[in-house]
Amino acid sequence: MIIIVMGVSGSGKTTIGKLLADSLEWEFSDADTFHSPENVEKMRCGIPLSEDDRIPWLQALQTAIKHWLQENKNVVLACSALKNSYRQFLVVDSERTKLVYLKGSYELIQMRLQERSNHYMSEKLLDSQFYTLEEPVDTLCMDVAQPPQIIVQNIRTALEI
């Protein structure tokens with residue numbers, strides 16, 4: 001099974017994803033590592049990515065997901081997946097791929113980003129993240145104001161894993 005933990009930057013995708021993967025003894029992967037150096041530099045400079053910038057990134061993620069599924073691996077993937085079209089592209093097997101949306105208020109996410117250090121995704125991009133976000137429907141939604149351990153337990157309960 002692949003669990004894609006999605007949401008805007010600062011919503012806790014990596015934190016929750018790692019905790020969830022550890023609790024399940026599954027592999028963890030962060031979609032940020034699939035970005036090209038050029039994409040990372042654009043984001044570091046506060047420049048939102050274009051659709052053309054995202055295509056190779058999404059293709060690399062889809063290839064990895066297909067590979068994991070082919071090998072019957074259990075993986076938690078932290079990935080923004082902000083648009084419905086991105087999610088449709090990544091969910092290549094709806095039976096074995098589950099989405100978890102980490103939802104939080106603009107103010108809470110902004111505060112988290114201001115407290116961050118050593119991360120290329122600056123709070124300058126928060127407006128573009130919320131602008132781009134197409135909130136998923138029929139997806140497991142978690143309130144990021146809750147403590148991480150509670151969120152992980154709620155995900156496990158909801159997905160029965």
Side-chain angles (χ1 to χ4, degrees), residues 1-104 109 113 116 118-122 124-126 128-142 144 148 151-152 155-156 158-161:
M1 178 186 285
I2 310 298
I3 299 174
I4 300 174
V5 179
M6 57 140 312
V8 298
S9 181
S11 62
K13 296 180 300 291
T14 301
T15 300
I16 299 302
K18 283 181 178 178
L19 285 171
L20 180 61
D22 287 349
S23 76
L24 294 167
E25 297 181 1
W26 288 12
E27 189 176 322
F28 172 79
S29 186
D30 194 322
D32 286 348
T33 63
F34 290 79
H35 276 298
S36 68
E38 295 81 14
N39 281 4
V40 172
E41 189 55 31
K42 276 182 110 172
M43 290 184 283
R44 186 183 319 281
C45 293
I47 301 167
L49 298 181
S50 69
E51 291 301 307
D52 287 341
D53 294 328
R54 286 188 180 95
I55 290 170
W57 173 68
L58 288 165
Q59 289 170 331
L61 286 168
Q62 186 191 65
T63 299
I65 290 168
K66 286 179 177 178
H67 179 75
W68 296 329
L69 289 170
Q70 193 172 39
E71 292 192 344
N72 289 316
K73 284 190 173 183
N74 293 314
V75 179
V76 176
L77 173 65
C79 179
S80 55
L82 297 177
K83 287 189 174 186
N84 185 47
S85 60
Y86 305 163
R87 295 187 293 271
Q88 288 180 345
F89 189 75
L90 297 176
V91 179
V92 295
D93 179 339
S94 61
E95 291 297 313
R96 298 189 298 155
T97 307
K98 304 299 177 196
L99 287 167
V100 176
Y101 171 40
L102 299 181
K103 182 177 183 170
I109 304 295
L113 288 176
R116 243 187 199 177
N118 300 322
H119 194 282
Y120 64 82
M121 192 69 164
S122 76
K124 294 181 209 170
L125 293 173
L126 186 59
S128 74
Q129 290 266 298
F130 271 91
Y131 178 78
T132 303
L133 176 64
E134 295 171 359
E135 288 196 332
V137 293
D138 299 329
T139 299
L140 182 57
C141 182
M142 293 287 135
V144 300
I151 295 171
V152 168
I155 292 169
R156 290 192 62 171
L159 295 179
E160 299 177 349
I161 50 174

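Hydrogens, waters and symmetry mates play no part in the numbers below; they use all other heavy atoms, side chains included.
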Quiz prompt | Phe34 and Trp68 aromatic ring geometry - parallel, tilted or perpendicular at 30°/60° bounds | solution =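 Rings of Trp68 and Phe34: perpendicular, over 60°.
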Taking the side chain as C-beta and beyond, is there a heavy-atom pair between Thr97 and Leu69 under 4.5 Å?
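Contact flag for Thr97/Leu69 side chains = yes.
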Open item on the list: Would you say that Ile16 contacts Val100 through its side chain, given a criterion of any heavy-atom pair below 4.5 Å between the two side chains?
Closed with: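 SC-SC contact between Ile16 and Val100 ruled out.
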Do the side chain of [X] and the main chain of [Y] share a donor and acceptor less than 3.5 angstrom apart?
X     : Y     : value
Ser11 : Val8  : yes
Lys13 : Gly7  : yes
Ser23 : Ala21 : no
Asp22 : Leu19 : no

How many angstroms lie between [atom1] in [X] and [atom2] in [Y], if you round to the nearest 0.5 Å?
X     : Y      : atom1 : atom2 : value
His35 : Met43  : NE2   : CE    : 4.0 Å
Leu58 : Gln88  : CG    : CD    : 12.0 Å
Leu20 : Arg156 : CG    : CZ    : 7.5 Å
Thr14 : Leu102 : OG1   : CG    : 10.0 Å
Arg87 : Ser80  : CZ    : OG    : 10.0 Å
Asp93 : Lys98  : CG    : NZ    : 8.5 Å

Within 6.0 Å of CD in Glu71, more than 12 heavy atoms from elsewhere:
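For Glu71, atom CD is crowded (more than 12 foreign heavy atoms under 6.0 Å).
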Review point. Above 12 or not: heavy atoms from other molecules or residues under 6.0 Å from NZ of Lys42?
Key: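 Result for NZ/Lys42: enclosed.
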Restricting to non-hydrogen atoms, name the atom on [X] and the atom on [Y] that form the minimum distance, rounded to 0.1 Å.
X      : Y      : value
Ala31  : Leu61  : CB-CD2, 3.7 Å
Asn39  : Asp53  : ND2-O, 3.1 Å
Leu126 : Leu113 : CD1-CD1, 3.8 Å
Cys79  : Ile4   : CB-CG2, 4.0 Å
Ile109 : Ser9   : CG2-O, 3.1 Å
Met6   : Leu133 : CE-CD1, 4.4 Å

### Query
Have Asn72 and Arg96 got a donor and an acceptor in their side chains that come within less than 3.5 Å?
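The answer is yes; a qualifying pair exists.
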Here's a test for you: under side chain to side chain donor-acceptor pair (under 3.5 Å), which of Glu134, Gln62, Glu51 qualifies with Tyr86?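 Per the side chain to side chain donor-acceptor pair (under 3.5 Å) rule, the option paired with Tyr86 is Glu51, out of Glu134, Gln62, Glu51.
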request  = Among Leu159, Val75, Leu140, find the residue that satisfies the side-chain contact (heavy atoms from CB on, under 4.5 Å) test when tested with Ile3.
outcome  =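 Among Leu159, Val75, Leu140, the one that satisfies the side-chain contact (heavy atoms from CB on, under 4.5 Å) with Ile3 is Leu159.
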